[in-house]
Amino acid sequence: MAVTPQELAFMRDAFPFWGQLTPKQKNLLEQSVGCSSYQKGERLHDGAQDCMGLILVLSGHLRAFILSDAGKEITIYRLFDRDICIFSASCMLKNISFDIYIEAEEDTRILLIPTPVYNELNQTCLAVSNFTGQLISSRFSDVMWVMEQVLFMSFDRRLASFLLEQATIAGGNVLSITHETIAKNLGTAREVVTRMLKYFQSEGMVTLSRGGVTISDSKKLERLAQFEK
């Protein structure tokens with residue numbers, strides 16, 4: 001899909017290294033970048049073998065997740081406007097190979113820089129190389145934070161944190177989300193989520209409805225999310 005002048009300007013503004021590229025490198029980037037749109041629920045990236053390129057989110061909301069051998073999903077980070085995903089071009093990163101999957105959580109439009117183009121810039125421009133290192137470090141921090149939650153945080157705290165995060169994303173306390181979707185995000189079974197949500201409801205923290213959860217007492221959820229056992 002053709003890239004508009006406004007989207008090219010968006011890209012220039014999003015990349016802190018733009019001013020340090022040569023005219024030839026800038027032209028290469030502008031001529032190679034593409035634009036794609038994805039509908040809610042559509043998958044963009046299918047693991048390490050799918051080396052699609054560097055993703056820059058123009059608008060929308062993406063979810064990056066990993067799959068267990070049993071097929072369970074767990075969300076490791078999310079991407080919003082102006083966020084950049086480097087692991088969608090993981091084949092250019094030596095000794096780093098992640099089976100990370102990316103799907104749209106709402107209708108999303110992205111700019112995509114092909115892997116060979118970004119790889120060339122990464123190898124020939126120190127500013128791009130430094131930016132790549134920062135991206136990798138940031139995403140590893142996201143992954144480690146999720147692993148710490150899974151390993152060391154009780155499930156009630158994880159669920160409370162997740163509901164509060166979703167409320168922030170939604171901009172309100174009414175969440176249009178199913179128990180199955182919550183389970184996919186947290187890497188557990190739907191039945192486990194349902195039992196814990198019913199407990200939250202009995203404690204006055206949430207109200208359950210068909211296909212949705214309403215946060216009734218955000219302060220109590222916040223205290224639970226911060227509680228150390």
Side-chain angles (χ1 to χ4, degrees), residues 10-22 25-26 28-29 32-34 36 43-68 73-105 108-153 157-158 161-162 164-166 168-169 185-187 225-226:
F10 184 97
M11 178 187 70
R12 298 186 199 106
D13 187 57
F15 289 140
F17 56 72
W18 180 262
Q20 298 180 60
L21 297 178
T22 66
Q25 290 170 330
K26 290 178 179 178
L28 172 65
L29 196 50
S32 63
V33 66
S36 298
R43 188 171 293 185
L44 289 69
H45 181 68
D46 267 318
Q49 301 305 311
D50 181 12
C51 197
M52 65 186 297
L54 192 80
I55 291 174
L56 169 60
V57 180
L58 287 168
S59 62
H61 176 192
L62 302 177
R63 177 176 77 102
F65 60 96
I66 55 177
L67 282 173
S68 72
E73 301 177 6
I74 184 167
T75 300
I76 54 173
Y77 57 83
R78 287 182 167 82
L79 300 163
F80 300 94
D81 297 7
R82 299 178 67 87
D83 280 343
I84 297 169
C85 185
I86 185 68
F87 289 137
S88 52
S90 60
C91 59
M92 78 174 204
L93 305 174
K94 293 182 179 179
N95 302 318
I96 297 180
S97 179
F98 285 99
D99 279 327
I100 288 179
Y101 302 82
I102 302 173
E103 71 176 18
E105 287 208 313
T108 301
R109 187 171 174 84
I110 67 167
L111 291 179
L112 183 67
I113 300 171
T115 300
V117 172
Y118 190 79
N119 194 32
E120 179 179 336
L121 295 175
N122 191 53
Q123 293 177 350
T124 58
C125 179
L126 180 60
V128 177
S129 179
N130 288 338
F131 177 73
T132 301
Q134 292 170 8
L135 275 180
I136 294 172
S137 176
S138 175
R139 291 306 169 207
F140 268 124
S141 295
D142 292 337
V143 173
M144 289 305 299
W145 184 78
V146 171
M147 293 303 103
E148 288 176 3
Q149 279 195 315
V150 172
L151 292 172
F152 304 120
M153 186 182 286
R157 289 181 61 206
R158 289 179 61 208
S161 296
F162 175 79
L164 291 168
E165 178 188 39
Q166 291 300 302
T168 299
I169 293 171
N185 275 272
L186 297 180
Q226 297 167 4

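Residue indices begin at 1 and follow the sequence shown.
- For the pair Ser138 (side chain) and Gln134 (backbone), a donor-acceptor distance under 3.5 Å is absent.
- Within the 4.5 Å cutoff, the side chain of Arg43 has heavy atoms near those of the Tyr101 side chain.
- No donor-acceptor pair closer than 3.5 Å links the side chain of Asp142 to the backbone N or O of Ile76.
- Between the CD atom of Gln226 and the OG atom of Ser161 there is a distance of 8.5 Å, given to the nearest 0.5 Å.
- A cation-pi contact, defined as under 6.0 Å to the ring centre and within 45° of the axis, is absent between Arg78 and Phe65.
- For the side-chain contact (heavy atoms from CB on, under 4.5 Å) with Leu111, the qualifying choice from Leu56, Val57, Ile55 is Leu56, the only one to do so.
- Without hydrogens or angle criteria, Thr108 side chain to Gly60 main chain gives no donor-acceptor distance under 3.5 Å.
- Separation of atoms CZ (Arg63) and CD1 (Ile102) is listed at 11.0 Å; rounding is to 0.5 Å.
- Here the straight-line distance linking atom CD1 of Ile84 with atom CZ of Arg139 works out to 8.5 Å at 0.5 Å rounding.
- In this structure, CG in Leu62 is found 9.5 Å from OH in Tyr77, a value given to the nearest 0.5 Å.
- Within the model, atoms CD of Gln166 and OG1 of Thr168 stand 9.0 Å from one another, a figure rounded to the nearest 0.5 Å.
- The shortest side-chain heavy-atom distance between Leu121 and Leu29 falls under the 4.5 Å cut-off.
- Separation of atoms OG1 (Thr75) and CG (Leu186) is listed at 7.5 Å; rounding is to 0.5 Å.
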